[in-house]
Number of protein chains: 2
Amino acid sequence: MASQIPEVVILRLPLYARTLAALRDSGQEVISSHELGGKLHITPAQIRKDLSYFGKFGKQGRGYNIKRLLEELQQILGLNREWSMALVGVGRLGRAIIGYGGFAPQGFRVVAAFDTSPELVGTQVEHLIVQDIAELGATIKEKSVNIGIVAVPASHAQEVINVLVSSGVKAILNYAPVVVKVPEDVRVREIDPVLALQSMTYYIKKAKERPAEAATRSRQKRAALSS
Amino acid sequence: MASQIPEVVILRLPLYARTLAALRDSGQEVISSHELGGKLHITPAQIRKDLSYFGKFGKQGRGYNIKRLLEELQQILGLNREWSMALVGVGRLGRAIIGYGGFAPQGFRVVAAFDTSPELVGTQVEHLIVQDIAELGATIKEKSVNIGIVAVPASHAQEVINVLVSSGVKAILNYAPVVVKVPEDVRVREIDPVLALQSMTYYIKKAKERPAEAATRSRQKRAALSS
DNA sequence: TTCTGTGAACGGATTCACAGCA
DNA sequence: TGCTGTGAATCCGTTCACAGAA
């Protein structure tokens with residue numbers, strides 16, 4: 001029963017959490033769904049409905065206590081702990097991922113890096129020693145890794161993901177430009193800047209072809225902008 | 001009139017194009033909506049409906065000619081040309097973006113890089129000389145840049161995007177973890193691996209709390225898997 | 001008043017189902 | 001027989017609108 005929460009809702013929660021964290025750091029204590037919606041281009045009703053799946057966090061007439069709501073969201077999303085991740089593929093992209101400073105402050109840590117290349121295995125990249133992919137299963141158990149990051153060429157992504165999945169990983173951040181097959185209980189998120197670009201070019205092209213009505217286009221649902 | 005094509009459809013087209021390109025390279029000549037759907041976890045009906053917004057590209061009883069359909073999609077998306085991009089923010093992330101090998105083969109080229117730091121301006125990064133952001137407007141016109149890439153800290157993203165927009169850029173790839181405000185006729189795509197991770201942790205956490213029904217969860221629409 | 005929480009109404013994307021062509 | 005193209009039906013997320021608490 002209960003909890004069949006739409007996936008889109010889950011995708012928006014981290015956005016709320018991020019924004020609330022920034023507001024908290026700026027010293028603000030309370031926010032209304034209207035004001036939060038203004039910042040995120042989301043309607044106030046949407047935000048209230050999303051939150052209502054998880055409980056009643058607001059006060060009528062006032063809004064939401066930022067600190068309180070943030071803590072609730074972190075609890076819901078599991079952000080009040082550290083998550084260990086294993087990276088596969090220590091090429092140029094993989095190295096950039098290891099060096100990316102955005103993960104650690106949010107509690108995500110790359111604790112192991114794997115590759116197949118004999119030249120790479122054994123070498124040090126930042127704080128990690130590159131391991132052979134044969135050791136993946138053992139290391140994942142040993143270091144309680146929950147998340148895999150795939151940064152290998154598209155042609156090898158599926159096999160790498162098979163190894164991750166058979167080692168028990170349930171969440172994969174996939175930088176390889178392919179849609180992969182995974183069991184029902186494994187989540188994959190694709191990070192692909194090229195796909196993002198290729199959908200934007202459609203709109204640039206269209207606007208150039210018919211410049212007159214450029215602004216008529218429907219955008220994502222129009223946010224009720226605050227005052 | 002006409003063309004109010006849902007944005008989700010446009011987001012799927014590059015996926016189709018990518019897959020068709022791989023099939024073409026593998027020598028396959030024809031594909032059915034059923035087979036293509038199997039590779040992408042998309043229902044055959046969805047694919048046929050998506051394509052029907054743009055024309056009739058298939059042959060009943062046979063399927064789609066891969067080369068032909070790919071060319072059509074490239075035409076529709078504007079992928080049959082080069083696109084010039086300007087990068088703002090030459091920190092660690094910015095440098096990784098400049099060095100990323102995935103853009104060029106798809107016709108996307110970073111032709112200028114900007115920063116505000118006096119230490120960086122004038123230095124060379126790969127094939128580019130870092131320019132002061134004050135030169136952005138002029139360079140964008142000069143080099144016919146259509147796309148901006150933002151790789152600055154969240155706190156500066158909005159102002160950088162304001163500059164890009166006022167220089168005429170209509171598409172922005174935003175690596176900064178903030179939702180920014182842009183005019184109706186400007187497209188923004190966020191690239192944020194942390195948000196992607198933070199929504200997956202929800203499911204990992206949930207599965208651990210109620211392991212019994214882990215596999216019961218509804219996934220994204222179940223694809224009718226091929227044979 | 002102000003703003004939340006929520007059932008009901010709505011709207012739009014997905015899926016169905018079938019006519020029709022190869 | 002096989003598979004496309006597409007109106008119709010369905011499903012599901014979004015928005016509405018209002019009761020009710022502060």
Side-chain angles (χ1 to χ4, degrees), chain A residues 2-13 15-16 20 28-66 68-69 72-73 199 217-227, chain B residues 2-13 15-16 20 28-66 68-69 72-73 199 217-227:
Chain A
S3 110
Q4 217 29 300
I5 296 161
E7 179 155 17
V8 270
V9 173
I10 305 304
L11 291 172
R12 281 190 294 263
L13 298 186
L15 220 50
Y16 300 161
L20 291 168
Q28 191 172 335
E29 290 184 356
V30 175
I31 193 168
S32 66
S33 59
H34 186 83
E35 186 183 353
L36 182 55
K39 291 186 183 297
L40 296 173
H41 314 315
I42 292 176
T43 63
Q46 176 94 81
I47 290 173
R48 294 200 301 275
K49 174 70 82 177
D50 285 353
L51 296 177
S52 77
Y53 283 104
F54 301 95
K56 306 184 181 192
F57 308 119
K59 275 208 169 45
Q60 284 140 326
R62 290 179 51 67
Y64 300 89
N65 176 289
I66 289 172
R68 156 92 194 293
L69 181 55
E72 295 280 1
L73 289 174
S199 63
R217 256 195 16 230
S218 91
R219 272 298 235 64
Q220 64 264 61
K221 36 252 66 138
R222 190 60 156 293
L225 295 173
S226 45
S227 56
Chain B
S3 117
Q4 218 29 301
I5 296 160
E7 180 155 19
V8 271
V9 173
I10 304 304
L11 291 172
R12 281 190 294 263
L13 297 187
L15 220 48
Y16 300 160
L20 291 168
Q28 190 172 334
E29 290 185 355
V30 175
I31 193 168
S32 67
S33 59
H34 186 83
E35 186 183 353
L36 183 55
K39 290 185 183 297
L40 296 173
H41 313 316
I42 291 175
T43 62
Q46 176 94 82
I47 291 173
R48 294 200 302 275
K49 174 70 83 175
D50 285 353
L51 296 177
S52 77
Y53 283 105
F54 301 94
K56 305 184 184 194
F57 308 119
K59 274 207 168 49
Q60 284 137 326
R62 290 181 49 68
Y64 300 89
N65 177 289
I66 289 172
R68 157 90 195 294
L69 181 54
E72 294 280 2
L73 288 174
S199 63
R217 259 193 14 229
S218 89
R219 273 297 238 62
Q220 63 261 59
K221 37 253 67 143
R222 189 66 155 294
L225 296 173
S226 43
S227 55

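Below, read A as the first sequence line, B as the second, and so on, with proteins coming before strands; counting in each chain starts at 1. Values reported hereafter were calculated over all heavy atoms of this structure, with side chains retained and with hydrogens, waters and symmetry mates removed.
Distances shown here put a side-chain N or O of A:Gln46 below 4.0 Å from the OP1 or OP2 atom of D:dT15. Contact annotation: B:Thr43 side-chain N/O to C:dT14 OP1/OP2 distance is not under 4.0 Å. In this model, the phosphate group of D:dT4 is approached by a side-chain N or O of B:Ser33 to a distance below 4.0 Å at OP1 or OP2. In terms of phosphate contacts, A:Lys59 brings no side-chain nitrogen or oxygen within less than 4.0 Å of OP1 or OP2 of C:dG5. When the side-chain nitrogen and oxygen atoms of B:Tyr64 are compared with OP1 and OP2 of D:dG5, one or more of them lie within a distance under 4.0 Å.
Atom CG of A:Leu69 is separated from atom C1' of C:dC3 by 14 Å (rounded to the nearest Å). Computed from coordinates, the A:Phe54 CZ to C:dG5 C1' distance equals 15 Å when rounded to whole Å. Between the NZ atom of B:Lys49 and the C1' atom of D:dT10 there is a distance of 12 Å, rounded to whole Å. Between B:Asn65 atom CG and D:dT4 atom C1' the separation is 14 Å, expressed in whole Å. Distance, B:Glu7 CD to C:dG12 P: 14 Å, rounded to whole Å. Between the CZ atom of B:Phe57 and the P atom of D:dC3 there is a distance of 20 Å, given to the nearest Å. Following rounding to the nearest Å, A:Ile31 (CD1) and C:dT2 (P) show an atom-to-atom distance of 18 Å. Rounded to an integer number of Å, the gap from B:Arg12 CZ to C:dT15 C1' is 12 Å.
Taking every heavy atom of both residues into account, A:Ile66 and A:Gln28 meet most closely at CD1-O, 3.5 Å. Shown here for A:Lys56 and A:Arg68, the closest heavy-atom pair between the two residues is O-NH2, 3.9 Å.
In this structure, the nucleotide among C:dT14, D:dC3, C:dT6 sitting nearest to the side chain of B:Val8 is C:dT14. Distances were taken from every side-chain heavy atom of B:Arg48 (C-beta onward) to each of D:dG5, D:dA8, C:dC21; the shortest belongs to D:dG5. Nearest nucleotide to the side chain of A:Arg62, out of D:dT15, C:dG5, D:dA22: D:dA22.
In this structure, B:Leu13 and B:Phe54 have side chains that are in contact, with non-hydrogen atoms separated by less than 4.5 Å. The side-chain heavy atoms of B:Arg48 and B:Tyr64, taken from C-beta on, include a pair separated by under 4.5 Å. By the 4.5 Å heavy-atom criterion applied to side chains, A:Leu51 and A:Leu69 are counted as neighbours.
Between A:Val9 and B:Gly61, it is B:Gly61 whose nearest contact on DNA chain D lies nearer the 5' terminus.
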